[in-house]
Amino acid sequence: MTTAAQSQIGNRKSKIAHYWSLIKPLQSGLLLATGLAGYMSARCPIFSMPTLLGLAASLFLAIAGSTVLNMWWDRDIDARMGRTKKRPTSSGLVSDREALRLGLILSVIGVGWAVAMDALYGLIVFAGLFFDVVVYSMWLKRRTAWSIVWGGISGAMPILAGRALGLGSVDWIGLTMALGILFWIPTHTLTFSMKFENDYAAACVPTFPSTYGLSFTRATIAVSSVLAALAMGISGFGIGMAWGFLRLLAVLSAGLLMLAVAITFRPSERVNFGLFKYASVYMLSAMILVVIEVI
Amino acid sequence: MSPLDRVLLLLTGLLAAYQVAVGIDGFSTLPIIAYTIAFGVLLVAALLLIILGFDVLDSPIVVVVSTIIPLSLSLGLVWQHLAAYRIAYLAFAILGFLAILITRSFPMPGKFPTMVLAVVHGIAGLTIFLLPILLALQGAVRPAFSLVGIGGALIGLGGLALSFLKAGKPILPRGTILKILPGLLLLMTAAFVAGFALAGK
């Protein structure tokens, strides 16, 4: 193999690695898990492989596409924050045009595939992408700390979309599950914005800590944790989860509430980090419980 | 914390989750609540240890939390197998927990807080250790139920070591306790789960 060919392969590999980091695989994976759990919670024939694979692929592409478009749009503020300045879009490793093209291609294929599978499912997937990219990132993120509500609504769309695909309609359980995600997202993002408060200030992005102070932010985290736990519990009851699984969900919720109380009354960097991580574990566990329950 | 420690804690959490979700179905209400609290605390503690590392043990709340597990486990056992002592033991569990909570929340002179800790842990630990073994020896339950007693011995050791470490009177060096803690938690949880499962509840 010639040196030029080797270098070309190396370039392609690093390009794929940059693209991969652009789609935030962990975050996209967690949102995909909520979509799959929403679908399985409908107790439809879950082993209809074409539908399951179609759901997974279309949802993943749409989520990945919106994530790339967000990074493309936010590349200027990402470059000003220590945490994000090494992202491929803000460091120049992936050009603006390239990131935009990638985001659009992933989004169009994802949403198109979703619409082709089922119109209602496709509409909800599109709504998630629209709320995330246009309403949250482009319109509100730089204007108000409350933009996270719209980020939360878009994050709640995969589980609603999954259940709608399974049922063929939107029901109260799907909406309650979506509320669970909506209330869980502030637990996750507000602890993050507290940890990187200075970064966001440097980029002039309004956050709860910078706008309302740390006490109000902590209280919001506590309240949203309670509401998230309640919504997940009600959804579990609604889908007919066995008592044992509801007990386990209650235990995991109690852990979330305990950390929310701790961050309110005994705040510290460690508790903040613990809540941030535990919130992800909580949501993933809740989704796994829904899936196991159905299987 | 080493990767092995994390794996051991994850397995502990999974076993505790199994016990909460499946392992205590069919029991009466109070034992279900008691065991859910015990294994639930174990599950959340394992997750927090994985997330935050052993530093989380520096929190003053650890003494109180490490009391909840033996108290609620022993309460569940007494409620199921010693009907005559149900109310008395329930009162002991509640008062014991409150006593530890109060003696840990407010400064107290002398050895009183340590004595309270030793008495409450001692009674709860001995109950979990001896009751299943005695019941198995009497033929009241299947022999495998004595595994719960072995779990009780392990939790007694772990709980005492942790509590006295937190109380400033360590019975083992901190490094040794942290080294054996993940393995001890897993063995203890496995013994409980196996004891309940093999004894047919």
Side-chain angles (χ1 to χ4, degrees), chain A residues 26 30 187-188 191-192 195 225 229 232-233 236-237 239-295, chain B residues 1 6 9-10 12-62 64-65 68-69 72-73 76 101 104-105 189 193 196-197 201:
Chain A
L26 279 177
L30 187 55
T187 304
H188 191 77
T191 49
F192 203 65
K195 185 174 168 71
S225 300
M232 292 313 294
F237 187 76
I239 64 170
M241 209 179 241
W243 280 111
F245 283 49
L246 282 174
R247 279 199 301 270
L248 187 51
L249 192 58
V251 163
L252 292 166
S253 300
L256 187 71
L257 299 181
M258 186 194 75
L259 284 168
V261 169
I263 203 174
T264 308
F265 296 105
R266 302 190 78 141
S268 71
E269 185 69 22
R270 187 194 295 164
V271 177
N272 198 18
F273 177 74
L275 179 58
F276 174 71
K277 289 283 182 189
Y278 186 90
S280 296
V281 173
Y282 171 78
M283 191 45 69
L284 186 61
S285 306
M287 294 305 116
I288 290 172
L289 276 181
V290 170
V291 172
I292 294 176
E293 164 69 24
V294 178
I295 291 173
Chain B
M1 183 180 286
R6 288 177 199 277
L9 288 168
L10 182 63
T12 302
L14 288 174
L15 279 176
Y18 168 83
Q19 193 65 6
V20 170
V22 182
I24 53 178
D25 273 345
F27 291 168
S28 56
T29 306
L30 194 125
I32 282 184
I33 294 171
Y35 294 138
T36 298
I37 292 172
F39 289 101
V41 169
L42 206 50
L43 166 60
V44 174
L47 290 175
L48 289 180
L49 277 169
I50 293 171
I51 292 170
L52 295 171
F54 289 126
D55 287 350
V56 77
L57 296 174
D58 294 332
S59 166
I61 205 173
V62 167
V64 180
V65 171
I68 294 175
I69 299 173
S72 44
L73 266 176
L101 191 64
R104 294 292 138 192
S105 303
T189 313
V193 173
F196 280 113
K201 299 170 185 172

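Protein chains get the first letters and strands the later ones, always in sequence-line order, with residue 1 at the start of each.
With a threshold of 4.5 angstrom between heavy atoms, B:V20 approaches chain A through its backbone and through its side chain. Using a 4.5 Å cut-off between heavy atoms, A:L259 touches chain B through its side chain atoms alone. When heavy atoms are compared at a cutoff of 4.5 Å, B:L48 approaches chain A solely by way of its side chain, counted from C-beta outward.
Ring geometry, B:F27 versus B:F196: the interplanar angle falls from 30° to 60°, so the pair is classed tilted. Relative ring orientation between B:F39 and B:Y35 is described as tilted, the plane-to-plane angle lying within the 30° to 60° band.
Remark: side-chain polar atoms of A:R247 are not paired, donor with acceptor, to backbone N or O of B:I24 under 3.5 angstrom.
Taken from CG in A:L248 to CG in A:L289, the straight-line distance is 5.0 Å, to the nearest 0.5 Å.
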